[in-house]
Amino acid sequence: MSDAMPFDRGHTDGLLSFLAASPSPYHAVANAAARLAEAGFQQVHETDAWDGTPGGKYVLRGGALIAWYVPEGATPATPFRIVGAHTDSPNLRVKPVPDTGAQGWRQIAVEIYGGTLLNTWLDRDLGLSGRLTLRDGSTRLVHIDRPLLRVPQLAIHLDRQVNDGLKLERQRHMTPIWGLGRPGEGDLVRFLAEESGLDADAVAGWDLMAHSVEPPAYLGRDRELVAGPRMDNLLSVHAGVAALAAVAEAGTAPAAIPVLAAFDHEENGSQSDTGAQGPLLGTVLERSVAARGGTFEDRARALAGTVCFSSDTGHAVHPNYPERHEPGHHPMPNGGPILKVNVNQRYATDGSGRALFAAACERAGVPWQSFVSHNDMPCGTTIGPLTAARHGITTVDIGVAILSMHSARELCGADDPFLLANCLTAFLGE
């Protein structure tokens with residue numbers, strides 16, 4: 001392994017633990033903040049005045065986290081090096097009136113969040129996670145990590161054509177069961193309050209979602225693959241946290257100010273106060289400049305020299321559907337991070353971005369691959385184009401190639417998480 005690569009398979013071990021401990025965006029940012037605190041970062045609150053002293057700082061807002069490290073000698077016009085990612089994943093989210101049921105079954109009403117592969121949630125043991133908001137405005141994280149819910153599929157005897165094409169109606173067919181009997185108003189909240197050691201009357205609101213309780217794991221004869229939930233895109237969040245902490249702990253001052261921006265709500269368009277289309281990142285960068293005595297001119301100069309690596313998962317070539325992929329671009333697991341390109345700006349990468357990414361991989365000593373969509377297949381998108389357009393920042397879309405994207409359980413190469421982390425460390429520490 002290259003001397004420039006501080007991360008190895010131990011990083012992937014840590015990813016499995018991070019995935020298991022982060023069933024919701026709120027848990028993901030709490031766990032990310034805990035790791036950054038170990039590296040000396042301090043939480044700052046948006047309602048407080050900020051100072052421009054060197055060191056690591058982070059802001060939490062809902063399911064989003066912005067963290068940055070100001071090195072010694074940074075000026076108000078020092079540019080930023082940003083790793084962008086997102087904390088949310090497609091799933092089933094609990095409705096405002098959750099207690100429902102039919103035919104003697106007690107059920108929980110859910111809403112479909114993001115572009116979920118619905119069939120992957122069938123016949124899977126599910127827990128519940130998220131946050132409860134109390135009447136005093138405080139929040140309490142909830143993580144019930146045992147079989148609690150299940151979306152049962154109709155038996156083949158009652159649907160003989162199911163293997164010729166499964167059709168799931170989101171309203172009728174995706175409601176999970178959690179017991180027998182008649183549903184009672186407030187049952188779920190009372191249960192969650194009891195599990196959390198709270199009085200049910202203290203709970204004023206909730207943001208709850210289902211998650212598979214099957215733990216992430218190594219897979220394959222030689223354990224060269226990893227299967228687990230929420231890799232899109234907690235894999236990138238975990239790598240970004242590791243890279244930022246490594247730069248802060250290295251003891252040498254980087255030329256730019258390294259930043260991690262982990263947004264919520266990417267899977268449904270990023271239009272929220274914690275999403276990439278919101279003002280959070282721009283406000284944090286502007287306040288960081290101002291805290292160091294900077295002016296509007298300093299901010300403009302800093303952003304003009306800023307680069308963002310938008311890190312999100314992409315598609316590995318599928319062995320059973322190779323015709324769905326661009327014939328000249330077949331990213332493989334354990335081939336290193338991917339550079340994502342789309343000339344219609346679904347990804348923000350251009351030729352200059354390619355050069356920046358290639359240079360970071362070369363410094364880190366990691367291989368890399370290119371991804372572009374088949375011309376007959378619509379291309380997905382990321383926070384990359386939003387970041388580039390909103391802030392005028394040079395942005396490069398990168399990530400890790402996976403299979404089963406948006407499934408309740410996804411698949412990647414076991415080496416790719418630490419290869420990505422090494423690339424991001426080289427980029428942030430430049």
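The shown structure was predicted, so the numbers you read here are calculated from the model rather than taken from an experiment. We number each residue from 1, following the sequence as shown.
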Lys/Arg-Asp/Glu bridge criterion (N-O < 4.0 Å) met for Glu267, Arg230: no
Please verify the inter-ring angle class for Phe18 with His238; under 30° counts as parallel, over 60° as perpendicular, anything in between as tilted. tilted
Just say parallel, tilted or perpendicular for the rings of His318 and Tyr321, cut-offs at 30° and 60°. perpendicular
In chain order, what residues pass the ring-ring contact (aromatic ring centres under 6.0 Å, His included) check against [X], with sequence neighbours excluded?
| X | answer |
| --- | --- |
| Phe296 | none |
| Trp105 | none |
| His211 | His143 |

Starting from the C-alpha separation in whole Å, work towards a yes-or-no answer on side-chain contact (heavy atoms from CB on, under 4.5 Å) for Ser270 and Ile383. CA-CA 8 Å; Ser270 297; Ile383 64 167; 4.1 Å; yes
Hey, what do you get for [atom1] ([X]) to [atom2] ([Y]), rounding to the nearest 0.5 Å?
| X | Y | atom1 | atom2 | answer |
| --- | --- | --- | --- | --- |
| Asn119 | His173 | CG | NE2 | 14.0 Å |
| Arg190 | Asp201 | CZ | CG | 9.5 Å |
| His374 | Cys379 | NE2 | SG | 13.0 Å |
| Leu148 | Ile108 | CG | CD1 | 7.5 Å |
| Met209 | Glu111 | CE | CD | 12.0 Å |
| His406 | Leu118 | NE2 | CG | 12.5 Å |

Is any side-chain heavy atom of [X] closer than 4.5 Å to a side-chain heavy atom of [Y]?
| X | Y | answer |
| --- | --- | --- |
| Phe357 | Ile338 | no |
| Leu188 | Leu128 | yes |
| Arg124 | Val151 | no |
| Val162 | Gln153 | yes |

Can you give the donor-acceptor pairs under 3.5 Å from side chains of residues 297-309 to other protein atoms, not counting sequence neighbours?
residue, atom, partner, partner atom, Å
Asp298, OD2, Thr295, N, 2.9
Asp298, OD2, Thr295, OG1, 3.2
Thr306, OG1, Phe80, N, 3.1
Thr306, OG1, Ala302, O, 2.7

Hey, does the side chain of [X] reach the backbone of [Y] with a donor-acceptor pair shorter than 3.5 angstrom?
| X | Y | answer |
| --- | --- | --- |
| Glu410 | Met231 | yes |
| Arg131 | Gly63 | no |
| Arg363 | Glu430 | no |
| Asp99 | Asp187 | yes |
| Gln107 | Thr175 | yes |
| Asn233 | Ser311 | yes |
| Ser138 | Leu134 | no |
| Arg292 | Ser288 | yes |
| Thr313 | Asp232 | no |
| Thr283 | Pro279 | yes |

Pair listing, side-chain hydrogen bond (donor to acceptor under 3.5 Å, both in side chains) test, anchored in residues 329-352, at least two apart: Glu326-His329
Can you see which heavy atom on [X] is nearest to which on [Y], and at what distance?
| X | Y | answer |
| --- | --- | --- |
| Asp264 | Thr87 | CA-OG1, 3.7 Å |
| Gly115 | Pro90 | C-CB, 4.0 Å |
| Ala262 | Ile66 | N-CD1, 4.4 Å |
| Leu234 | Ser22 | CD1-O, 3.5 Å |
| Leu420 | Pro337 | CD1-CB, 4.2 Å |
| Tyr113 | His265 | OH-CA, 3.2 Å |

Thr139/Leu132 under side-chain contact (heavy atoms from CB on, under 4.5 Å): CA gap, chis, key distance, verdict: CA-CA 5 Å; Thr139 58; Leu132 301 175; over 6 Å; no
Stepwise side-chain contact (heavy atoms from CB on, under 4.5 Å) check, Leu166 with Leu122: CA-CA 12 Å; Leu166 175 64; Leu122 301 178; 3.9 Å; yes
For Leu225, side-chain contact (heavy atoms from CB on, under 4.5 Å) partners two or more places apart: Leu219, Pro333, Leu411
We want to know whether Asp397 and Ser310 form a side-chain donor-acceptor pair, criterion being a heavy-atom distance below 3.5 angstrom. yes
What I want to check is whether the side chains of Asn91 and Ser89 have a donor and an acceptor closer together than 3.5 Å. no
